[in-house]
S.K.: 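Got a structure for you, written out below as C-alpha cells; questions coming shortly.
Predicted model only: the values in this text are computed from it and were never measured.
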Amino acid sequence: DLIEARGGGVMFFPPGTFMVGSTGTASQGGIALPDKVHIRGSGIDTTTIKAIDPGATAMTGVVRTLSGGTSNGIRIEGLTVSGPDSATVDIPVIYVASTDTNLSLKDVRVTGGKNGAGNGGYGIRLDGAGVTNLTIEDCVVESNARDNIYVNGASKVRVFKTNITGAGRHGINVDGGSSYVTVVGCRVETSTTNNLIVQGESFAVDASSTAFLTSGEDNLRVRRGDVLIETRVSIDDCDIINSARDGISIASASKNRVTN
C-alpha cells in the first residue's frame, strides 16, 4: 500500500523463503502488484516467495497484477516464485490480468502451479486481450500442473533464453486469439502433451534458435481457428527432437514457414 501510494518503487526481498497466504478472495491472489512496482530478490533459489496451501479457496496467482484495475510497468527479478507443496484448488503461480501492459520477468524461477477443479495450475498465465508488451527473459519455468506458460489473448509477448520444462500439459500454449509471440534462444522440453501449441484464433508466432525436446505428443502443433486460417507461424533454426507423435503438426492452417 505504501509503494502504491508513492506511485511505484522497489520491494526488495533478502535471502530467505517468504510464505504468502490467501486473503480468502481468489482474485486477490497472494501478492497483488499495482503500477510501477519492482519486486527484486537476491537471486533464484536464494530468495523464494512461496504460497501456503489456501485450503478450499483458490488463489489466482501467488504473485499477480491487481484485479479490476490496470497495472503498468511491473518488473519481477532475481527470485523464485512457487506454489504450495500441495493443494486441492487452482493456483497459477504468476497471473497477469486483462488490461496490464509493459511487464517483465528476468532471472525468475516459476514452479509448482497446482490444479484444482478448473485445471488452473499454470506457471505464468497472461490472460486477456489487453495484456500486451511483456518480456520473460533468463527464467526457468518448470513443473507446473497445467501449462508452464499460457498466453490467452495477449499480444507482443517475448520469451528469451528461458528453460521451460516438465509441464503437466503444454510447455507454451498460445491460445485465445493471441498474437505476436516470440520465442528465442529457449529450451522447451518434457511436456506431457505439446512443447509449443498455437491454437484458438492465434497468429504471428515466431520461434527461433530454440530446442524443443521430448514431448508426450507433438513438439510443435499449429491448429487453425474456427475463423482464422492464416496462422503465420515461423519456425527458424530450431532443434526438434524426440516427439511421441509428430515433430511438427500443422492442422489445416496456412501461411506458416519452417526453415533450417
S.K.: Is there a donor-acceptor pair closer than 3.5 Å between any side-chain N or O of Thr60 and the backbone N or O of Ala26?
M.R.: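 Such a contact is found between Thr60 side chain and Ala26 backbone.
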S.K.: Pairing donors with acceptors under 3.5 angstrom, does anything connect the side chains of Ser191 and Asn148?
M.R.: no
S.K.: Looking at Asp85 and Lys50, does any basic side-chain N land under 4.0 Å from a carboxylate oxygen?
M.R.: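 A salt bridge is present here (some side-chain N lies under 4.0 Å from a carboxylate O).
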S.K.: Are any side-chain N or O atoms of Thr162 and backbone N or O atoms of Phe160, one a donor and one an acceptor, separated by less than 3.5 Å?
M.R.: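 At least one qualifying donor-acceptor pair exists.
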S.K.: Taking all atoms of both residues into account, what is the closest heavy-atom pair of Asn173 and Asp147, and its distance?
M.R.: ND2-OD2, 3.0 Å
S.K.: With distance as the sole criterion, is a donor-acceptor pair present between the side chains of Ser243 and Asn219 under 3.5 Å?
M.R.: yes
S.K.: May I ask you to say whether Arg245 pairs ionically with Glu217, meaning some side-chain N is under 4.0 Å from a carboxylate O?
M.R.: yes
S.K.: Would you say the side-chain atoms of Ser71 pair up with the backbone N or O of Leu33, donor to acceptor, closer than 3.5 Å?
M.R.: yes
S.K.: Please say whether more than 12 non-hydrogen atoms of neighbouring residues, nucleotides or ligands are located less than 6.0 Å from NZ in Lys36.
M.R.: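 At most 12 heavy atoms, drawn from other residues, nucleotides or ligands, come within 6.0 Å of this atom.
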S.K.: Between Ser155 and Thr132, does any side-chain donor sit less than 3.5 Å from a side-chain acceptor?
M.R.: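 There is such a pair (donor and acceptor under 3.5 Å, judged by atom type) between the side chains of Ser155 and Thr132.
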S.K.: Treat each ILVMFWY residue as a node, draw an edge where side-chain heavy atoms are under 4.5 Å apart, and state whether Ile31 and Leu103 are in one component.
M.R.: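 Linked, Ile31 and Leu103 end up in one cluster.
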S.K.: Spell out, yes or no, whether Phe212 and Val258 are grouped together once hydrophobic residues are joined by side-chain heavy atoms under 4.5 Å, including indirect joins.
M.R.: yes
S.K.: Show your working on side-chain contact (heavy atoms from CB on, under 4.5 Å) between Val159 and Ile164 and close with a plain yes or no.
M.R.: CA-CA 10 Å; Val159 186; Ile164 301 161; 4.2 Å; yes
S.K.: Are Val131 and Val151 close enough that some pair of their side-chain heavy atoms sits under 4.5 Å apart?
M.R.: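 Heavy-atom side-chain distance check fails, nothing below 4.5 Å.
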S.K.: Can you tell me if Thr193 and Arg169 form a side-chain donor-acceptor pair at under 3.5 Å?
M.R.: no
S.K.: Determine the minimum heavy-atom distance between Arg40 and Leu79, stating which atoms define it.
M.R.: C-CD2, 4.4 Å
S.K.: So does Thr25 get a backbone contact from the side chain of Thr23, meaning a donor-acceptor N/O pair under 3.5 Å?
M.R.: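 Yes, the answer is positive, given that a donor and an acceptor are paired below the 3.5 Å cut-off.
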S.K.: Just wondering, are more than 12 heavy atoms of other shown residues or ligands nearer than 6.0 Å to CZ in Phe13?
M.R.: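 Above 12, so yes.
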S.K.: For Ser42, is there any backbone N or O sitting under 3.5 Å from a side-chain donor or acceptor partner on Thr47?
M.R.: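 Yes; at least one donor-acceptor contact below 3.5 Å.
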S.K.: Please tell me whether Tyr150 and Leu134 are part of a single hydrophobic cluster in this structure, the criterion being side-chain heavy atoms less than 4.5 Å apart.
M.R.: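 No, Tyr150 does not connect to Leu134 through the hydrophobic network.
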S.K.: Would you say the side-chain atoms of Asn194 pair up with the backbone N or O of Asp218, donor to acceptor, closer than 3.5 Å?
M.R.: yes
S.K.: Out of curiosity, does Phe12 fall in the hydrophobic cluster containing Val20 (side-chain heavy atoms, cut-off under 4.5 Å, transitive links)?
M.R.: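 Cluster IDs for Val20 and Phe12 differ.
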S.K.: Minimum heavy-atom separation for Arg224 to Ser252, with atom names?
M.R.: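 Here Arg224 and Ser252 meet closest at CD-O, 3.2 Å.
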S.K.: Work out which heavy atom in Ala56 is nearest to a heavy atom in Val89; give both atom names and the distance.
M.R.: O-CG1, 3.5 Å
S.K.: With side-chain contact (heavy atoms from CB on, under 4.5 Å) as the test, would you mind laying out the steps for Val62 and Ser82 before giving the verdict?
M.R.: CA-CA 7 Å; Val62 181; Ser82 175; over 6 Å; no
S.K.: Between Asp206 and Thr182, does a side chain to side chain donor-acceptor pair (under 3.5 Å) hold up when you go through it step by step?
M.R.: CA-CA 5 Å; Asp206 296 334; Thr182 304; 4.8 Å; no
S.K.: Check whether more than 12 heavy atoms from other residues, nucleotides or ligands sit under 6.0 Å from atom CG of Asp226, and answer yes or no.
M.R.: no
S.K.: Counting only N and O atoms by type, is there a donor-acceptor contact under 3.5 Å from the side chain of Thr48 to the main-chain atoms of Thr17?
M.R.: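 Absent.
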S.K.: Look at the side-chain heavy atoms of Ile, Leu, Val, Met, Phe, Trp and Tyr, link any pair under 4.5 Å apart, and say whether Ile250 and Leu228 land in one connected group.
M.R.: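 No.
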S.K.: Please determine whether side-chain contact (heavy atoms from CB on, under 4.5 Å) holds for the pair Arg221 and Asp246, giving the CA-CA distance in whole Å, both sets of side-chain angles, and the decisive distance to 0.1 Å.
M.R.: CA-CA 8 Å; Arg221 187 176 188 190; Asp246 296 323; over 6 Å; no
S.K.: Sub-3.5 Å donor-acceptor pair from the side chain of Asp237 to the main-chain atoms of Ser208, do we have one?
M.R.: no
S.K.: Kindly indicate, with the supporting measurements, whether the criterion side chain to side chain donor-acceptor pair (under 3.5 Å) is fulfilled by Thr165 and Thr190.
M.R.: CA-CA 6 Å; Thr165 183; Thr190 59; 3.0 Å; yes
S.K.: Could you tell me whether a side-chain N or O of Thr192 sits under 3.5 Å from a main-chain N or O of Ala167, the two making a donor and an acceptor?
M.R.: yes
S.K.: Please determine whether side chain to side chain donor-acceptor pair (under 3.5 Å) holds for the pair Thr259 and Asp236, giving the CA-CA distance in whole Å, both sets of side-chain angles, and the decisive distance to 0.1 Å.
M.R.: CA-CA 5 Å; Thr259 58; Asp236 181 50; 2.4 Å; yes
S.K.: Measuring only between side-chain heavy atoms, which start at C-beta, is Asn163 closer than 4.5 Å to Glu142?
M.R.: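 Heavy-atom side-chain distance check fails, nothing below 4.5 Å.
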S.K.: Would you say the side chain of Ile74 lies within less than 4.5 Å of the side chain of Asp100, judging by non-hydrogen atoms?
M.R.: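 Not in contact.
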S.K.: Within a strict 4.5 Å, meaning less than it, do heavy atoms of the Tyr95 and Met59 side chains meet?
M.R.: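 Answer no - side chains too far apart.
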S.K.: Given Ile172 and Val188, is the side-chain contact (heavy atoms from CB on, under 4.5 Å) satisfied, shown in steps?
M.R.: CA-CA 8 Å; Ile172 304 173; Val188 189; 4.3 Å; yes
S.K.: Would the distance check show the side chain of Asp35 and the main-chain N or O of Asn72 forming a donor-acceptor pair, the cut-off being under 3.5 Å?
M.R.: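 Yes.
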